[in-house]
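Scope of the values below: all heavy atoms of this structure, side chains included, with no hydrogens, waters or symmetry mates. Note that ligands are numbered from 1 as they come in the structure, with each ligand's atoms numbered from 1 the same way.
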Amino acid sequence: MIKRLDLPPYTIDPQKHSRYDERQTVFMRRFWDRKASFYGKEFRENVGEIIACDSPGYSRLDFARILAAWTVHDCFSDAFSWKRLGQVDPSMIKLGKHPVPDPALMSKQVKETARMYGADLVGICELNPKWVYSHDRSGDPIEIPGEYKYAIVMGIAMDKEAVMTSPAFPSAVATGLGYSRMAFTIACLAQFIRNLRYSAIPMGNDTALSIPLAIDAGLGQLGRNGLLITPGYGPCVRICKVFTDLPLKLDRPIDFGMAETCKDCNKCATACEVRAISFEREPSYEVACPSNNEGILRWAVNADRCYEFWVENGAACSNCIATCPYTHRSAT
Ligand code: SF4
Ligand code: SF4
């Protein structure tokens, strides 16, 4: 049963919590953190040896599919632009700003539009500045102008059958396709909002933490595996978002019992080949590695071990998605 809440279903210690610095992710620490076991390691660096072993699901063809799946995400950087793409159509200038007398109707229309562009889930929340990164991956501070009051948060469902092959390469094709579909969807939705003569900042994993925003927007809850668990697709979704000043009605967060379910289910922890996921029954404020942010009550995932496994595997792993009962229940 899904309950609608007045407050998000997470607990933060404001004394310990601060905005996350994107340079703390394992993907950036590998460039600067000399203490990290994966310092200087690119997670695809062993792929030649892995392909040479000729194991099923680890062929050169599979690997070519992974890289190609990322094409739109990696080669269409304009998707993440804070400014409109191309010239404004003169007819849009004449039409002026779209009046929004009914934010609830506007929210419904935005959600319909996001689904047209490829979103499988859409929720809207107030933009909580504490989820915005303090600095981007280059070390530049991030400040979102105050007029961006809303976050439109979208879930892009991944190919469940491909994810089930994890940790073999076809599961990483599903990951790459999820990211490319994210780039396509946010770029189109941001342009739609700009055509109504409002502002839009589209983003994937950059600029702000996706999972707490998705929880705030009512898409799901945090799982033991450190991922967003949604009622419809489990953790088998990628998350992207668009910040905007377009007046919208907010969604409420949801509770469908994940916290209790995860206490009695260790399937993701058991499936993780490097024990990166906690087996503790209760969540805590303990962190598991330098990439974890302080001050959040949860099961912290050891992202260092996770990344080390990706290096060993030659590709992203999705074992903790593939084994979650909520992925199995999903319709995709
Ligand atoms: S992605 Fe794989 S290695 Fe990383 S936490 Fe999940 S199961 Fe473990
Ligand atoms: S596999 Fe079980 S413990 Fe892990 S996130 Fe899913 S429900 Fe929670």
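Those atoms of ligand 1 with a heavy atom of C272 less than 4.0 angstrom away are 3 (S), 5 (S), 7 (S), 8 (Fe). Per-residue contacts place C306 under 4.0 angstrom from the following atoms of ligand 1 (heavy atoms of the residue considered): 1 (S), 3 (S), 4 (Fe), 5 (S). Taking every heavy atom of C317 and a limit of under 4.0 angstrom, the matching atoms of ligand 1 come to 1 (S), 2 (Fe), 3 (S), 7 (S). Within ligand 2, counting atoms from 1 as listed, the ones closer than 4.0 Å to a heavy atom of C324 are 1 (S), 6 (Fe), 7 (S). The distance from ligand 1 to the heavy atoms of N319 drops below 4.0 Å at these ligand atoms: 7 (S). Less than 4.0 angstrom separates some heavy atom of C265 from each of these atoms of ligand 2: 1 (S), 2 (Fe), 3 (S), 7 (S). The contact set between ligand 2 and C268, taken as ligand atoms under 4.0 Å from a residue heavy atom, comprises 1 (S), 3 (S), 4 (Fe), 5 (S).
Taking a cutoff of 4.0 Å between a charged side-chain nitrogen and a carboxylate oxygen, K241 and D216 do not qualify as a salt bridge. A salt bridge does not link E126 to K149: none of the charged side-chain nitrogens sits closer than 4.0 Å to a carboxylate oxygen. Between R137 and D206 no salt bridge is recorded (no basic side-chain N to carboxylate O distance below 4.0 Å). Ion pairing between a basic and an acidic side chain is recognised when a charged N comes within 4.0 Å of a carboxylate O; K263 and E260 show such pairing. In summary, D120 and R115 do not engage in a salt bridge, as defined by a charged side-chain N under 4.0 Å from a carboxylate O.
Annotation: atom 6 (Fe) of ligand 1 to nearest protein heavy atom, C320 SG, 2.4 Å. Atom 8 (Fe) of ligand 2 has its closest protein heavy atom at C262 SG, 2.4 Å.
Ring-plane geometry between F169 and F63 is classed as tilted, the angle between the planes lying from 30 to 60 degrees on a 0 to 90 degree scale. Ring pair Y133/Y20 is tilted by interplanar angle, where 30° to 60° counts as tilted.
Side-chain contact annotation: Y58 with N313, donor-acceptor N/O pair under 3.5 Å present.
Look at Y307 and you'll find every heavy atom at least 4.0 Å from all atoms of ligand 1.
Counting only non-hydrogen atoms, the option in L227, L222, N225, T327 that gets closest to atom 5 (S) of ligand 2 is N225.
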